[in-house]
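Structure first, commentary second.
Counting starts at 1 for both ligands and their atoms, in listed order. Along the sequence shown, residues carry numbers from 1. Computed from a predicted structure; not experimentally measured.
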Amino acid sequence: MINAIKKRRSIREYLSDTIPEEKIKEILMSAMFAPSANALYPWELVVVKDQDTKELLSKTTPWSTHAKDVSIVIAVIGHEQESSNWIEDCSIVAEHIWLEVAEQNLGCCWVQIRGNNNAEKDVKEILNIPENLRVLCLMPIGIPVKEQPEHSEDKFEKTRIKYEKYK
Ligand SMILES: Cc1cc2nc3c(=O)[nH]c(=O)nc-3n(C[C@H](O)[C@H](O)[C@H](O)COP(=O)(O)O)c2cc1C
């Protein structure tokens, strides 16, 4: 198993340091390697470094306060009209980003935007995203205050796995 899978945790406390450009490039590259249904790639990313914009984004849901404390926030945008699988494709993009962040010993924590009351409308307004596009989530990324424990084999829950047939 690749180490990043165990290392990936939700980090919500960050130092104020900025992430170097080459690391941001690697994180964006990881998104490009994500699979996509029918190879449609119905997604785009908005990378936000501006502090005022991050503050605004951090107020879009009750669970996004950490977005003001990070170096960058990446908004994952979906083209709903291009693919009925936009949610799946955007989710895999977000997970690729999260795994690359873990690989680099940086921190991230998914902020759900789609379906979260007014959050999607608010994020679209803040980032000038056209009406016909969707916002799946924000990925705030920064330097963690402290390391979180890696996931361990204790997480294996036998009852979640069925063999051959469900019953
Ligand atoms: C689809 C999805 C939405 C999530 N939304 C939020 C969120 O809005 N705010 C937040 O702080 N964490 C959010 N999380 C992080 C989860 O709370 C976290 O993944 C879960 O508690 C397991 O912890 P771990 O990521 O450290 O393994 C979200 C995770 C997923 C997969």
Side-chain angles (χ1 to χ4, degrees), residues 1-16 19 23 26-28 30-31 33-37 41-48 51 53-80 83-127 129 133-161:
M1 191 188 301
I2 60 171
N3 286 332
I5 287 179
K6 282 189 185 165
K7 275 203 304 198
R8 186 217 54 78
R9 296 300 315 272
S10 289
I11 308 293
R12 298 183 180 89
E13 284 182 88
Y14 296 92
L15 302 173
S16 55
I19 300 176
K23 289 202 169 199
E26 285 291 295
I27 291 165
L28 297 175
S30 75
F33 294 149
S36 168
Y41 307 97
W43 57 268
E44 290 176 286
L45 304 175
V46 179
V47 181
V48 178
Q51 188 57 34
T53 311
K54 287 185 285 187
E55 301 263 351
L56 288 172
L57 291 173
S58 76
K59 292 179 185 141
T60 54
T61 89
W63 304 279
S64 48
T65 49
H66 55 282
K68 66 181 183 321
D69 306 322
V70 293
S71 177
I72 62 166
V73 175
I74 301 178
V76 181
I77 314 297
H79 289 249
E80 185 176 31
S83 172
S84 58
N85 294 308
W86 73 273
I87 297 177
E88 290 83 351
D89 284 5
C90 286
S91 298
I92 298 173
V93 164
E95 177 70 349
H96 270 220
I97 288 171
W98 209 344
L99 290 174
E100 178 58 29
V101 164
E103 179 70 18
Q104 294 191 18
N105 297 313
L106 299 171
C108 177
C109 180
W110 181 309
V111 170
Q112 182 65 17
I113 296 300
R114 184 190 65 85
N116 209 338
N117 297 317
N118 286 331
E120 191 169 355
K121 184 177 145 289
D122 293 345
V123 170
K124 280 188 190 178
E125 253 171 50
I126 295 165
L127 301 181
I129 296 167
L133 302 187
R134 302 297 306 268
V135 184
L136 180 75
C137 64
L138 303 175
M139 301 299 275
I141 301 166
I143 321 271
V145 167
K146 57 177 188 303
E147 259 185 46
Q148 289 293 317
E150 286 188 2
H151 284 304
S152 76
E153 314 272 312
D154 298 346
K155 210 144 160 76
F156 194 94
E157 287 181 51
K158 282 196 288 196
T159 54
R160 291 189 184 279
I161 316 292

Which of the atoms of ligand 1 are close to S10, meaning less than 4.0 Å from one of its heavy atoms? 15 (C), 16 (C), 18 (C), 19 (O), 23 (O), 24 (P), 25 (O), 26 (O)

Using a strict cut-off of 4.0 Å, indicate which atoms of ligand 1 neighbour a heavy atom of H66. 11 (O)

Checking the N or O distance criterion of under 3.5 Å, is ligand 1 in contact with T61? no

Please confirm whether R9 comes within less than 3.5 Å of ligand 1 when only nitrogen or oxygen atoms on both sides are compared. yes

Does K54 reach the main-chain N or O of V73 with its side chain, forming a donor-acceptor pair under 3.5 Å? no

With side chain to side chain contact (heavy atoms under 4.5 Å, CB included) as the test, would you mind laying out the steps for V111 and N116 before giving the verdict? CA-CA 10 Å; V111 170; N116 209 338; 5.9 Å; no

Is the closest N or O pair between W110 and ligand 1 shorter than 3.5 Å? yes

For residues I74 and I27, determine if any side-chain heavy atom of one lies less than 4.5 Å from a side-chain heavy atom of the other. yes

Mind running side chain to side chain contact (heavy atoms under 4.5 Å, CB included) on K7 and N105 for me, showing each step along the way? CA-CA 8 Å; K7 275 203 304 198; N105 297 313; 3.1 Å; yes

From the options H151, Q112, R12, select the one whose nearest heavy atom is closest to atom 17 (O) of ligand 1. R12

Nearest protein heavy atom to atom 9 (N) of ligand 1, by residue and atom, and its distance? W63 O, 3.0 Å

From the list P140, S64, C137, side chain to side chain contact (heavy atoms under 4.5 Å, CB included) partner of W110 resolves to C137

Please list, in number order, the atoms of ligand 1 under 4.0 Å from a heavy atom of C109. 10 (C), 11 (O), 12 (N)

Please confirm whether Q148 comes under 4.0 Å of ligand 1, counting heavy atoms of the residue only. no

Look at atom 22 (C) of ligand 1 and say whether a protein heavy atom is found at less than 4.0 angstrom from it. no

With a 3.5 Å distance limit and no angle check, can you tell me whether W98 reaches the backbone of R9 through a side-chain donor-acceptor pair? yes

Short list, please: which atoms of ligand 1 are under 4.0 Å from a heavy atom of V111? 7 (C), 8 (O)

Report yes if the side chains of K124 and V135 come closer than 4.5 Å at any heavy-atom pair, otherwise no. yes

Can you tell which of I143, L106, I19 makes a side chain to side chain contact (heavy atoms under 4.5 Å, CB included) with S71? I19

